[in-house]
Student: 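If you scroll down you'll find the structure; I have some questions about it.
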2 protein chains.
Amino acid sequence: MGRSSRLAFDPIDRAGELWSTHFGDPLSMKVVTSVMRVQQLLLAELDAILKPFDITFARYEVLVLLTFSRNGSLPLSKIGERLMVHPTSVTNAIDRLERQGLVRRVPDASDRRRTLAELTPSGKRLTKRATRALTEADFGITGVPEHAQRQLYDLLRDLRASAGDFPHPDEDVSRPA
Amino acid sequence: MGRSSRLAFDPIDRAGELWSTHFGDPLSMKVVTSVMRVQQLLLAELDAILKPFDITFARYEVLVLLTFSRNGSLPLSKIGERLMVHPTSVTNAIDRLERQGLVRRVPDASDRRRTLAELTPSGKRLTKRATRALTEADFGITGVPEHAQRQLYDLLRDLRASAGDFPHPDEDVSRPA
DNA sequence: GTGATTTACTAGGACTTCCGAGTATTTGAA
DNA sequence: TTCAAATACTCGGAAGTCCTAGTAAATCAC
């Protein structure tokens, strides 16, 4: 893993020091490296929490999305949109979930290009239990105070906004350009 | 990609709303999802910047680390430690870099278990150029003001600290327990 | 000094992500 | 209406991450 063998110092800070002696101001490099590292830590933690349920966080996200949908089913394309991943990633996830009996593929009569993914009863039960486990573990960020979580969310949201991840509130979507 | 097809709303906010009606307080879930998403966006941006040089960010990190080392070479194990990735990930990266002629494997005479990865002249040149491209693009976070970057770095550092990512300053490493 | 343990690297496999390309179906335009 | 363009899904492949397990070499203990 990346986590277990801990150094006697913070490798990101160290990299920043070396960076500044070679290249210049390391702030943006440190920010980006930190994001990568935190993602790595969180994902490892989440997957560890979900391991007893034999799913990964990627597949858990699909299950939750289906739980939120009105009738427990969604076209694969919608899943990809909402989760912001490539269509082939959805195919891959649904393949595995279907093999595990947690989800079923159902043809969509109203548009025969589409395939719906539908939660099975077993899928619904597992999602409940997995969600309990994740919320009890606070998604792997217990120890981070609430105000810090809020600040973090806001800053990340600003970053996403400046990367064009979602429309600005003052952008009129109905009347483009 | 996840980026191109933008929804008319923020999927993370929306997931938070749905989450709260089904399960409860979505703050930690929103924070974690945001980290995942930002990592995805940044990595895509960095890889796009590096595409003309025919390397990925993962391989770039290896090259920079070698640049920082005294003689342009390091044992693979050190690389894994510093980059906080699994030994097999290093093997994989070095395999590719070696195939590209950017790095050379050199046996370590002082410890014959070890293999050193050494920058080739071509590897050194490419690292310079790639670094220029990345710094000019501010590592994909142009548009994020400096104070926000600082706050973000500090919050992520706190999060890493609470996950035990590095020793606390008041922890005496030389005298364990 | 010899044997057990630890360390370093690699091989193979699972999982996720992306991309490009191909097939089917629906929509839209002439 | 008929043909072109857009949309939905899948297949195969590349790249990254991790894990388990195996071999070789160094270190530690007795």
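From a predicted model like this one, the values you see are computed outputs, not experimental measurements. Sequence lines set the chain letters: A, B, ... in the order given, protein chains first and strands last, and positions in each chain run from 1.
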Student: Please determine whether a side-chain nitrogen of the Lys or Arg among A:Asp10 and B:Arg160 lies less than 4.0 Å from a carboxylate oxygen of the Asp or Glu.
Tutor: yes
Student: For A:Arg114 and C:dT26, what is the distance between atoms CZ and C1' respectively, to the nearest whole Å?
Tutor: 11 Å
Student: Between A:Ser110 and A:Ala93, just flag the one whose closest nucleotide in DNA chain C comes earlier from the 5' side.
Tutor: A:Ala93
Student: To the nearest Å, how far apart are B:Leu74 CG and C:dA8 C1'?
Tutor: 15 Å
Student: Rounded to the nearest Å, what distance is computed from the CG atom of residue A:Leu43 to the P atom of nucleotide D:dC19?
Tutor: 12 Å
Student: Any ion pair linking A:Arg157 and B:Asp13 (charged N to carboxylate O, less than 4.0 Å)?
Tutor: yes
Student: For the side chain of B:Thr56 and the backbone of B:Asp47, is there at least one donor-acceptor N/O pair under 3.5 Å apart?
Tutor: no
Student: Any donor-acceptor pair under 3.5 Å linking the side chain of A:Asp138 with the backbone of A:Gly140?
Tutor: no
Student: Would a distance-only check, ignoring hydrogens and angles, find a side-chain to backbone donor-acceptor pair under 3.5 Å from B:Thr120 to B:Gly123?
Tutor: yes
Student: Please determine whether side chain to side chain contact (heavy atoms under 4.5 Å, CB included) holds for the pair A:Thr67 and A:Lys124, giving the CA-CA distance in whole Å, both sets of side-chain angles, and the decisive distance to 0.1 Å.
Tutor: CA-CA 7 Å; A:Thr67 300; A:Lys124 285 181 192 167; 5.9 Å; no
Student: Check whether any side-chain N or O of B:Ser77 sits under 4.0 Å from OP1 or OP2 of C:dT7, and answer yes or no.
Tutor: no
Student: Could you check how far CG of A:Asp108 sits from P of C:dT26, rounded to whole Å?
Tutor: 10 Å
Student: Report yes if a side-chain nitrogen or oxygen of A:Arg113 is closer than 4.0 Å to either non-bridging phosphate oxygen (OP1 or OP2) of C:dT23; otherwise report no.
Tutor: no
Student: Measure from the side chain of B:Pro75, starting at C-beta and using heavy atoms only, and say which of D:dG16, D:dA26, C:dC9 lies closest.
Tutor: C:dC9
Student: May I have the distance from B:Phe57 (atom CZ) to D:dT17 (atom C1'), rounded to whole angstrom?
Tutor: 15 Å
Student: Of the candidate nucleotides C:dG12, D:dA8, C:dC18, which contains the atom at the shortest distance from the side chain of B:Thr88?
Tutor: C:dG12
Student: Counting side-chain heavy atoms from CB outward, which of D:dA15, C:dT26, C:dC9 is closest to B:Thr56?
Tutor: D:dA15
Student: Which part of the nucleic acid, if any, lies within contact of A:Asn92, taking any heavy atom under 4.0 Å across all strands shown: a base, the sugar-phosphate backbone alone, or nothing?
Tutor: base
Student: Of the nucleotides D:dC9, C:dC19, C:dT17, which has the atom closest to the A:Leu76 side chain?
Tutor: D:dC9
Student: Looking at every strand, decide which applies to B:Thr91 at a 4.0 Å heavy-atom threshold: base, sugar-phosphate, or nothing.
Tutor: base
Student: Just how far, in rounded Å, is P of C:dT16 from CD of A:Gln39?
Tutor: 13 Å
Student: Of B:Lys78 and A:Ser89, whose nearest nucleotide on DNA chain C comes first from the 5' end?
Tutor: B:Lys78
Student: Would you indicate, yes or no, if D:dC18 has its OP1 or OP2 atom less than 4.0 angstrom from a side-chain nitrogen or oxygen of A:Gln40?
Tutor: yes
Student: For A:Ile79 and D:dA8, what is the distance between atoms CD1 and C1' respectively, to the nearest whole Å?
Tutor: 13 Å
Student: Does A:Arg112 make a side-chain N or O approach to OP1 or OP2 of C:dT26 shorter than 4.0 Å?
Tutor: yes
Student: Less than 4.0 angstrom between a side-chain N/O of B:Arg96 and OP1 or OP2 of D:dA15, yes or no?
Tutor: yes
Student: Between C:dT16 atom P and B:Met36 atom CE, what is the distance in whole Å?
Tutor: 13 Å
Student: Does the side chain of A:Arg37 get closer than 4.0 angstrom to OP1 or OP2 of D:dT17 through an N or O atom?
Tutor: no
